[in-house]
**Student:** 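The structure is given below, and queries will be raised subsequently.
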Amino acid sequence: MAESLFSVRDLHLALPDMTRKPLFGPAPRIEILKGLSFDLPAGEITGIVGESGSGKSTLGRVLVRLLGVSSGQVLFRGKDISHLDEAQLKPLRRDLQMIFQDPMSSLNPRHTVGRIVASPIKRYGIDAPEKKAYEALERVGLSTAFAKRYPHELSGGQRQRVGIARAVALNPAFILADEIVSGLDVSSQAQVLTLLRGLAADMNLTIAFISHDLSVIRTVCSQVMVLNRGEIVEAGRCDQVFDAPQSEVTHALIDAIPLPEMDDEWFDSIKFDKV
């Protein structure tokens, strides 16, 4: 079994419920994550799947420490990072990267692609940032000519590749990919998923891949966790979960996978010319 990069133990997170905030005083808190415990194997892509409101994106933000925790532990390489302040987190930020759902809103429209990818490299004082930015672009299938373009000049798939290039430019240990193909067409989705799977293998990346779509999870992930209302209702290797789902939530998500069906009436209505 692969060594764990992350070990999460009895994780709880409660956030203010602003929809119920009184006129005076603090808002009541609502528990989003409820006692989660799991491991993320190093060098593997783990799917985190669930319906809207299941807590999957919140969990992802806890892993990269964009959110703290109410209680429990988040161990990264054996070190509890769940209660570190920003100064203590700074040395770890390089190893914890994120690819965002909407590349257009996460890329500065006033900056060229080259500057966007080189920015985190410069931030950490790494030598030859432009050269490393070019290497990162080539790694995701974009030529160095793209470095002079702006985000609005690219297609959705190309913009997402820029987001991936920015994430891998620092050679991180972990990447959070949050719904990164949900806004792409089917062809672009397939290309991005193939790219991500190849990068994970070549760079020995550990990736948490968040999605509501189990068909995407099955394409790219080796194991999967199914969340419902802040709890893990099922977890295991992808083939095991898909072949023998144990929870009603997993059954519902599998049933929601769109499958191509032949419309017999439409097919019979077609008139073929005789040869």
Side-chain angles (χ1 to χ4, degrees), residues 32-33 40 44-64 66-67 96-109 113 116-117 140-142 151-168 172 174-200 205-230 232-235 238 241-242 245 247 249-261:
I32 307 298
L33 302 177
L40 293 186
E44 293 193 25
I45 304 178
T46 299
I48 303 175
V49 67
E51 299 174 336
S52 296
S54 63
K56 57 187 185 296
S57 291
T58 301
L59 173 58
R61 282 158 174 74
V62 168
L63 292 176
V64 294
L66 294 180
L67 288 173
L96 305 174
Q97 295 297 308
M98 185 171 180
I99 306 167
F100 298 90
Q101 177 178 357
D102 181 5
M104 194 60 190
S105 64
S106 65
L107 304 177
N108 192 324
V113 166
I116 289 170
V117 178
V140 300
L142 298 176
H152 72 271
E153 299 177 298
L154 309 180
S155 68
Q158 289 169 340
R159 284 194 291 265
Q160 197 56 282
R161 286 174 184 264
V162 173
I164 296 172
R166 179 174 58 185
V168 303
F174 174 76
I175 290 179
L176 172 65
D178 189 358
E179 296 277 13
I180 66 170
V181 297
S182 61
L184 303 179
D185 59 61
V186 175
S187 176
S188 297
Q189 281 188 14
Q191 293 172 11
V192 169
L193 293 176
T194 300
L195 169 64
L196 196 67
R197 194 166 48 196
L199 289 173
L205 290 171
T206 304
I207 299 175
F209 191 96
I210 296 174
S211 179
H212 63 279
D213 187 343
L214 270 178
S215 63
V216 172
I217 293 292
R218 189 170 198 175
T219 299
V220 73
C221 300
S222 56
Q223 67 171 19
V224 60
M225 292 187 298
V226 182
L227 266 62
N228 183 48
R229 298 181 180 179
I232 298 174
V233 296
E234 189 159 0
C238 272
V241 171
F242 275 86
S247 75
V249 174
T250 310
H251 275 286
L253 290 170
I254 291 176
D255 290 342
I257 296 175
L259 296 174
E261 294 182 1

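Numbers here are sequence positions counted from 1. Values in this document were obtained by computation on a predicted structure and should not be read as measured data.
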**Student:** So which heavy atom on Met225 is nearest to which on Leu59, and how close?
**Tutor:** CE-CD2, 4.3 Å
**Student:** What's the separation between atom OG in Ser222 and atom CD1 in Ile207, rounded to the nearest 0.5 Å?
**Tutor:**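 Nearest 0.5 Å value for the OG-CD1 distance: 10.0 Å.
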**Student:** How many angstroms lie between OG1 in Thr219 and CD in Gln189, if you round to the nearest 0.5 Å?
**Tutor:** 9.0 Å
**Student:** Sort out for me which residue in Leu193, Ile99, Ile175, Val216 forms a side chain to side chain contact (heavy atoms under 4.5 Å, CB included) with Ile180.
**Tutor:**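 Single pass found, and it is Ile99.
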**Student:** Hey, is the main chain of Ala208 close enough, under 3.5 Å, to the side chain of Thr46 for a donor-acceptor pair?
**Tutor:**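 No; zero donor-acceptor contacts below 3.5 Å.
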**Student:** Compare every heavy atom of Arg61 with every heavy atom of Leu176, then report the nearest pair and how far apart it is.
**Tutor:** CD2-N, 4.1 Å
**Student:** Evaluate the criterion side-chain contact (heavy atoms from CB on, under 4.5 Å) for residue pair His152 and Met104; output intermediate values, then yes/no.
**Tutor:** CA-CA 8 Å; His152 72 271; Met104 194 60 190; 4.0 Å; yes
**Student:** Just wondering, do Val192 and Ile164 contact through their side chains at under 4.5 Å, heavy atoms?
**Tutor:** yes
**Student:** Indicate yes or no: at least one non-hydrogen side-chain atom of Leu214 is less than 4.5 angstrom from one of Ile217.
**Tutor:**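 Leu214 reaches Ile217 side chain to side chain.
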**Student:** What heavy-atom pair brings Leu184 and Gly157 nearest, and what distance separates the two atoms?
**Tutor:** CD2-N, 3.8 Å
**Student:** Flag the pair Leu66 / Met98 as yes when at least one side-chain heavy-atom distance between them is below 4.5 Å, and no otherwise.
**Tutor:**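 When only atoms from C-beta onward are counted, Met98 and Leu66 do touch, with a gap below 4.5 Å.
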**Student:** Restricting to salt bridge (charged side-chain N to carboxylate O under 4.0 Å, His left out), what partner residues turn up for Asp213, sequence neighbours left out?
**Tutor:** none
**Student:** Show your reasoning for whether side-chain contact (heavy atoms from CB on, under 4.5 Å) applies to Leu199 and Val140.
**Tutor:** CA-CA 8 Å; Leu199 289 173; Val140 300; 4.2 Å; yes
**Student:** Within a strict 4.5 Å, meaning less than it, do heavy atoms of the Ser52 and His212 side chains meet?
**Tutor:**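 They are not in side-chain contact.
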**Student:** Counting C-beta onward and ignoring hydrogens, is there a side-chain heavy-atom pair between Leu107 and Arg166 closer than 4.5 Å?
**Tutor:** yes
**Student:** Would Val224 and Glu234 count as a side-chain contact (heavy atoms from CB on, under 4.5 Å) if you check the C-alpha gap in whole Å, the side-chain angles of each, and the deciding distance to 0.1 Å?
**Tutor:** CA-CA 8 Å; Val224 60; Glu234 189 159 0; over 6 Å; no
**Student:** Of all heavy-atom pairs between Leu253 and Gly50, which one has the smallest distance, and what is that distance?
**Tutor:** CD1-CA, 4.3 Å
**Student:** Taking the side chain as every heavy atom from C-beta outward, state whether Leu63 and Leu40 have any atom pair closer than 4.5 Å.
**Tutor:** yes
**Student:** To the closest 0.5 Å, what do you measure between CD (Glu44) and CG (Leu205)?
**Tutor:**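 Here the interatomic distance stands at 12.5 Å.
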**Student:** Would you give the length of the straight line joining atom OG of Ser155 to atom CG of Asp185, rounded to the nearest 0.5 angstrom?
**Tutor:** 8.5 Å
**Student:** With a 6.0 Å cut-off (strictly less than), is the heavy-atom count around CZ of Arg197, excluding the residue itself, greater than 12?
**Tutor:** yes
**Student:** Please find the pair of heavy atoms, one from Glu51 and one from Lys56, that lie closest to each other, and give the distance.
**Tutor:**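 Closest pair (atom of Glu51, atom of Lys56, distance): O-NZ, 3.3 Å.
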**Student:** Could you tell me which non-hydrogen atom of Gly55 sits nearest to which non-hydrogen atom of Leu33, and how far apart they are?
**Tutor:** O-CD2, 3.6 Å
**Student:** So, taking the atom named CD1 in Ile210 and the one named OG in Ser182, what distance separates them when rounded to the nearest 0.5 Å?
**Tutor:**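 Output value for this atom pair is 11.5 Å.
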**Student:** Can you find a heavy atom in the side chain of Gln223 that is under 4.5 Å from one in the side chain of Cys238?
**Tutor:**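 A side-chain contact is absent here, since even the closest heavy-atom pair is not under 4.5 Å.
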**Student:** With a 4.5 Å cut-off on side-chain heavy atoms, are Val49 and Cys221 touching?
**Tutor:**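 No, side chains not in contact.
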**Student:** Could you walk me through whether Gln160 and Val181 pass the side-chain contact (heavy atoms from CB on, under 4.5 Å) test, one step at a time?
**Tutor:** CA-CA 8 Å; Gln160 197 56 282; Val181 297; 5.9 Å; no
